[in-house]
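Please read the structure below before turning to the comments.
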Amino acid sequence: QVQLVESGGGLVQAGDSLRLSCAASGRTFSDYAMGWFRQSPGKEREFVAGISWVASIRYYEDRVKGRFIVSRDNEQNTVYLQMNSLKPEDTAVYFCAASRVTGSIYIAEYDYWGQGTQVTVSA
């Protein structure tokens, strides 16, 4: 069992940066790849970024590639999403999630989810 808690969201202006954190608890954290998803009002939840647990291989949705950086610290049981050059289009609730499938971008392949943290980017 894995419990995930996101933090670090807030209200920022376009061009600003935020770092989201996802603290995990449970004995099997190192068995999971970690992903970040986001959901805006009226839209489906979408994949943002992910990181494997074996070699910390990172993969990103095209619209955030080059702006966002995902990382993890297994010793601290924490995954991060550094968000730079934020745009109003990035406004969403951001969720972290854990998957046993390496490289997955699909919601159905993630077993555990955090409660989400709101990110709002003003123009």
Side-chain angles (χ1 to χ4, degrees):
Q1 194 72 225
V2 177
Q3 294 79 45
L4 306 173
V5 180
E6 303 97 333
S7 62
L11 174 63
V12 299
Q13 295 181 330
D16 285 353
S17 297
L18 280 175
R19 189 182 73 161
L20 306 183
S21 298
C22 175
S25 61
R27 292 185 175 92
T28 60
F29 179 73
S30 62
D31 293 336
Y32 292 88
M34 300 296 295
W36 287 95
F37 292 76
R38 65 187 181 186
Q39 187 168 18
S40 300
K43 297 185 180 296
E44 294 296 312
R45 192 172 302 182
E46 66 175 357
F47 172 80
V48 177
I51 184 168
S52 69
W53 68 270
V54 175
S56 294
I57 298 171
R58 299 166 173 84
Y59 40 100
Y60 300 92
E61 192 273 329
D62 287 341
R63 287 176 292 176
V64 308
K65 196 171 186 178
R67 297 190 296 123
F68 291 8
I69 302 171
V70 63
S71 61
R72 69 186 292 163
D73 185 338
N74 287 348
E75 186 171 321
Q76 296 295 319
N77 289 341
T78 303
V79 62
Y80 304 95
L81 184 67
Q82 177 67 46
M83 305 184 295
N84 301 314
S85 301
L86 283 163
K87 304 175 180 179
E89 303 86 81
D90 296 317
T91 295
V93 177
Y94 283 72
F95 301 87
C96 69
S99 176
R100 291 188 179 274
V101 180
T102 300
S104 177
I105 64 170
Y106 302 109
I107 293 173
E109 294 182 333
Y110 283 80
D111 300 316
Y112 303 101
W113 295 82
Q115 82 288 346
T117 184
Q118 177 71 47
V119 173
T120 302
V121 184
S122 63

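What you see is a predicted model, and the numbers here were worked out from it, not measured in a lab. Positions are given from 1 along the sequence.
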Which pair of non-hydrogen atoms, one from Ala49 and one from Leu81, has the smallest distance, and what is that distance? CB-CD1, 4.0 Å
From Ser99 atom OG to Ile107 atom CD1, the distance as rounded to the nearest 0.5 Å: 12.0 Å
I'd like to know if the side chain of Thr102 reaches the main chain of Ser52, judged simply by a donor and an acceptor atom lying under 3.5 Å from each other, with no hydrogens or angles considered. no
CZ (Arg58) and CZ (Arg72) are apart, to the nearest 0.5 Å, by 10.5 Å
Can you name the closest pair of heavy atoms from Leu4 and Ala98 and give their distance? CD1-N, 3.8 Å
Distance, nearest 0.5 Å, that separates CD of Glu61 from CD1 of Ile105: 9.0 Å
Residues passing the side-chain hydrogen bond (donor to acceptor under 3.5 Å, both in side chains) test with Gln39, sequence neighbours excluded, are Arg45
I'd like to know if the side chain of Arg100 pairs up with that of Tyr32 as donor and acceptor (distance under 3.5 Å, no hydrogens or angles considered). yes
Inter-residue atom distance Asp73.CG - Tyr80.OH, 0.5 Å rounding: 5.5 Å
Ignoring hydrogens and angles, tell me if any N or O in the side chain of Thr117 forms a donor-acceptor pair with the backbone of Glu6 under 3.5 Å. no
Please report the closest heavy-atom contact between Ser104 and Tyr110, naming both atoms and the distance. O-OH, 2.7 Å
Hphob cluster co-occupancy, Phe95 + Tyr112, side-chain heavy atoms under 4.5 angstrom: no
Can you name the nearest heavy-atom pair linking Val79 to Met34, along with the distance? CG1-CE, 3.9 Å
Contacts of Thr91 meeting side chain to side chain contact (heavy atoms under 4.5 Å, CB included) (sequence neighbours excluded), chain-then-number -> Gln118, Thr120, Val121
Val48 reachable from Val93 in the ILVMFWY side-chain graph, under 4.5 Å edges: no
Considering only NZ, NE, NH1 and NH2 on the basic side and carboxylate oxygens on the acidic side, decide whether Glu89 and Lys87 come within less than 4.0 Å. no
Hey, what do you get for CZ (Arg38) to CE (Met83), rounding to the nearest 0.5 Å? 9.0 Å
ring-ring contact (aromatic ring centres under 6.0 Å, His included) with Tyr59: of Trp36, Phe47, Phe68, only one passes, and it is Phe47
When rounded to the nearest 0.5 angstrom, what is the spacing between CZ in Phe37 and OH in Tyr94? 13.0 Å
Donor-acceptor check, side chain of Tyr60 to backbone of Arg67, threshold 3.5 angstrom: yes or no? no
Please output the side-chain donor-acceptor pairs of residues 12-23 that fall under 3.5 Å, not counting sequence neighbours, one pair per line with the distance.
residue, atom, partner, partner atom, Å
Asp16, OD2, Gln13, N, 3.2
Ser17, OG, Asn84, OD1, 2.9

Has Gln115 got more than 12 heavy atoms of other residues, nucleotides or ligands less than 6.0 Å from its CD? yes
